[in-house]
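Heads up: the structure comes next, in structure tokens.
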Amino acid sequence: KEDLIIAIDGFSSTGKSSMSKIIAKNLNYTHIDSGAMYRAVTLYAFQHQYIVDKKIDVDGLVEHINDIKIEFVQDPTSQKNITYLNGENVEQEIRTMKISKMVSPISEIPAVRDYCVALQQKMGENGRIVMDGRDIGTTVFPDADIKIFVTASPEIRAKRRFLEYQQQGKDISMDEVLKNVKERDYIDSHREYSPLRKADDAIEVDNSELNLEETVNKVMEIILSRK
Ligand code: C5P
């Protein structure tokens, strides 16, 4: 089979996006980071005062949900996908701790999910995609050709994220990162609407003891054996 849909789900900071990007490149497919959409919606909510002092004006945001335009544009040099929110490059801004702290409560709102899921389904309708997220194999593409569920211990995931922040010169403590990872795990897997869970037919990959390259090799083996 040629035009596969590959769904890569799992907890935050498991390296899903990094591995999905490499796997898509290997297969000459498109990579879609679905988390970037929820992050862009969260940024929009901040920009328009639908989040003030950690309080969310759900009705206000939902009323204007269709004013949000999210696009991914590939950077020709780095081949990285750049996220655009209403025409503005927000790739850096959506990765900040400020957004990470509010993205899970925003992602619980059913109208936000419906909006993002419809966009994801549209972007993936022709196959040849690797999409990473929380509910790709369960809700967005329940018939995906290959489903991977990535896990690793919270401490290891927090450490990876912490080192990433350090490299970027961001002064965020390990405690704060671990707390955010655990909080997002909890909210993402306990929300009522489309929670994070492993699809019955997903293959679980625990990469606590694997680096990025080893994880990619393992997932590529699974993909090639089923292609
Ligand atoms: O993948 P990333 O960690 O950037 O996702 C940020 C947040 O977006 C997650 O913690 C989750 O709350 C939400 N999300 C989601 N469903 C997806 C992808 C992300 O709810 N498919």
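We count ligands from 1, going down the list as the structure has it; atoms in each ligand are counted the same way. Just so we're clear, the structure is a prediction, and the values are computed from it rather than from any experiment.
Counting only distance, with no hydrogens or angles, the side chain of Y165 and the backbone of T96 share no donor-acceptor pair below 3.5 Å. Using modelled atom types, one side-chain atom of N211 and one backbone atom of E213 make a donor-acceptor pair closer than 3.5 Å.
Counting non-hydrogen atoms of neighbouring residues, nucleotides and ligands closer than 6.0 angstrom, the CD atom of E209 reaches no more than 12 such neighbours.
The nearest pair of heavy atoms linking A152 to N207 is CB-OD1, 3.3 Å. When all heavy atoms of I99 and I94 are compared, the pair lying nearest together is CG2-O, 3.5 Å. A pairwise comparison of heavy atoms in R157 and T14 identifies CD-CG2, 3.3 Å as the closest pair. Considering every non-hydrogen atom in both A7 and I136, the closest pair reads CB-CG2, 3.6 Å.
With ligand atoms numbered from 1 in the order given, ligand 1 contributes 18 (C), 21 (N) to contacts under 4.0 Å with heavy atoms of G133. Interface of D135 with ligand 1, defined as ligand atoms under 4.0 Å from a residue heavy atom, comprises 16 (N), 17 (C), 21 (N).
The shortest N/O to N/O separation between S12 and ligand 1 does not fall below 3.5 Å. Considering backbone and side-chain atoms alike, D33 places every N or O at 3.5 Å or more from each N or O of ligand 1. Polar contact check, D132 against ligand 1: no nitrogen or oxygen pair lies under 3.5 Å apart. Taking any N or O of R95, backbone or side chain, none lies under 3.5 Å from an N or O belonging to ligand 1.
What sits closest to atom 14 (N) of ligand 1 on the protein, heavy atoms only, is Y38 CD1, 3.6 Å. For atom 4 (O) of ligand 1, the closest non-hydrogen atom of the protein is R39 NE, 2.7 Å. Of the protein's heavy atoms, S34 OG, 3.4 Å lies nearest to atom 18 (C) of ligand 1. Here the heavy atom of the protein found nearest to atom 6 (C) of ligand 1 is R184 NH1, 3.5 Å.
Residue contacts with ligand 1: E108 is excluded, as none of its non-hydrogen atoms falls under 4.0 Å. For the ligand labelled ligand 1, residue R113 lies inside the 4.0 Å heavy-atom shell.
Remark: among candidates L196, V140, D188, T42, the nearest residue to atom 10 (O) of ligand 1 is D188, based on non-hydrogen atoms. For atom 19 (C) of ligand 1, the nearest non-hydrogen atom from the set G137, P105, G35 comes from G35.
At a heavy-atom distance under 4.0 Å, only side-chain atoms of S107, from C-beta outward, approach ligand 1. When non-hydrogen atoms are compared, ligand 1 lies under 4.0 Å from the backbone of R134 as well as from its side chain.
Below 30°, between 30° and 60°, or above 60°: for F149 and F11 the angle between ring planes is above 60°, a perpendicular geometry.
Under a cutoff of 6.0 Å and an axis angle of 45°, K69 and Y84 do not form a cation-pi pair.
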Determine, step by step, whether E91 and R95 satisfy the salt bridge (Lys or Arg N to Asp or Glu O under 4.0 Å) criterion, reporting the C-alpha distance in whole Å, the side-chain angles of both residues, the deciding distance to 0.1 Å, and the verdict. CA-CA 7 Å; E91 186 55 36; R95 311 285 166 194; 3.1 Å; yes
